[in-house]
Amino acid sequence: MLIKDLVAIDEHAEFRNDVQLSDYDRPETNLALLRSYLFTDTAPREQESSASLLRMITNAFSDARTKNRFAVIANYGHGKSHLALVIANYFGKPYKSEEMRTILGKIAQKVDPARAAYFQEFRQNHPEYLVVRLRGDAQRTLREQFVTNLEQVLKEHQATRSVQLPFWYQTAENWLSGLSAENVVKANQFLEQYDRDIPQLLQDIRQR
């Protein structure tokens with residue numbers, strides 16, 4: 001018996017230390033990163049494998065009594081961002097998408113058939129979720145990122161593309177854009193004390 005008769009080699013799997021959650025927005029890069037990911041199904045004591053963590057998150061959606069806050073802690077370079085990208089795709093992409101087929105194939109390589117079937121059936125029975133992707137290394141705070149990212153996520157799905165959030169931003173932008181030339185001068189004089197002018201204020205509003 002040869003080693004190849006006992007193990008299967010994932011030729012696409014590779015260590016990647018340059019993964020960013022923002023890669024989700026670049027289709028080719030995103031898919032390549034999904035193909036290079038390798039799930040784990042075992043972990044040291046008091047730790048969780050990536051397959052187990054994904055199961056815990058799906059359980060949180062299925063059972064209201066299950067805790068639904070998770071903190072993933074690991075040293076730099078241990079694959080947290082890569083895992084976050086995979087999880088975002090698992091919940092955010094359509095069931096019949098190439099991204100989902102890739103992820104389910106990766107899971108099937110690592111876990112037993114019954115558990116692999118669970119992950120497949122979960123997504124088969126649940127439409128894609130709204131996955132708001134926030135980054136701690138961005139120049140803006142998480143609070144500032146949230147509304148902008150939520151608007152972006154709503155546009156990613158056909159069912160929510162026409163949804164308009166009931167916030168004040170659009171009203172404020174319309175009001176400022178409609179100021180007369182005389183009132184623009186007055187407004188800019190007032191805004192000088194805050195190191196702002198109307199164009200800068202409009203930019204701030206558009207960036208939420």
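Because the structure is predicted, anything quoted here is derived from the model rather than measured.
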Q: Measure the spacing between CZ of Arg123 and CD of Glu128 and express it to the nearest 0.5 Å.
A: 6.0 Å
(Q) Please check this pair: side chain of Arg101 against backbone of Lys96, looking for a donor-acceptor N/O pair closer than 3.5 Å. (A) yes
**Q.** Inter-residue atom distance Thr58.OG1 - Glu121.CD, 0.5 Å rounding
**A.** 12.0 Å
Q: Could you give me the CA-CA distance, side-chain angles and deciding distance for Ser22 and Arg135, then say whether side-chain contact (heavy atoms from CB on, under 4.5 Å) is met?
A: CA-CA 8 Å; Ser22 57; Arg135 295 180 53 182; 3.1 Å; yes
Q: Identify whether NZ of Lys or CZ of Arg in Arg206 sits under 6.0 Å from the centre of the six-membered ring of Tyr169 and within 45° of that ring's axis.
A: no
Q | Co-membership, hydrophobic cluster, residues Phe119 and Leu53, 4.5 Å side-chain | A | yes
**Q.** Nearest-0.5 Å distance that lies between atom OH in Tyr24 and atom CG in Asn89
**A.** 5.5 Å
Q.
Are Tyr90 and Ile57 packed together at the side-chain level, in the sense that at least one heavy-atom pair is separated by less than 4.5 angstrom?
A. no
Q | Arg140 and Gln207 side chains, donor-acceptor separation under 3.5 Å | A | no
Q. From Glu151 CD over to Glu156 CD, what is the distance, rounded to the nearest 0.5 angstrom?
A. 12.5 Å
Q) Centre of Tyr129's six-membered ring, under 6.0 Å away, within 45 degrees of the axis: is that where NZ or CZ of Lys93 sits? A) no
Q) Does any donor atom in the side chain of Asn183 or Ser180 lie under 3.5 Å from an acceptor atom in the other side chain? A) yes
Q | Pair Thr42-Ser49, side-chain hydrogen bond (donor to acceptor under 3.5 Å, both in side chains): steps then yes or no | A | CA-CA 5 Å; Thr42 58; Ser49 67; over 6 Å; no
**Q.** Chi angles and distances behind the side-chain contact (heavy atoms from CB on, under 4.5 Å) call for Ile103, Phe39
**A.** CA-CA 9 Å; Ile103 293 171; Phe39 275 93; 4.3 Å; yes
Q.
If I take atom CG from residue Leu154 and atom CZ from residue Arg161, how far apart are they, to the nearest 0.5 angstrom?
A. 10.5 Å
Q.
Are Tyr194 and Leu176 linked, directly or through intermediate hydrophobic residues, by side-chain heavy-atom contacts shorter than 4.5 Å (ILVMFWY only)?
A. yes
Q: Any chance you could measure Lys155, atom NZ, to Ser162, atom OG, to the nearest 0.5 Å?
A: 12.0 Å
Q.
Leu54 vs Phe91, test: side-chain contact (heavy atoms from CB on, under 4.5 Å). Steps then yes/no.
A. CA-CA 10 Å; Leu54 182 58; Phe91 287 100; 3.9 Å; yes
**Q.** Glu48/Arg55 ion pair, N-O < 4.0 Å
**A.** no
(Q) Whether the Gln200 and Asp195 side chains hold a donor-acceptor pair (N or O, under 3.5 Å, no angle test) is what I'd like checked. (A) no
Q: Taking the side chain as every heavy atom from C-beta outward, state whether Glu99 and Leu31 have any atom pair closer than 4.5 Å.
A: yes
Q | salt bridge (Lys or Arg N to Asp or Glu O under 4.0 Å) pairs, two or more places apart, involving residues 59-86 | A | Asp63-Arg65
Q: Assess the side chains of Asn188 and Glu192: does a donor N or O sit below 3.5 Å from an acceptor N or O?
A: no
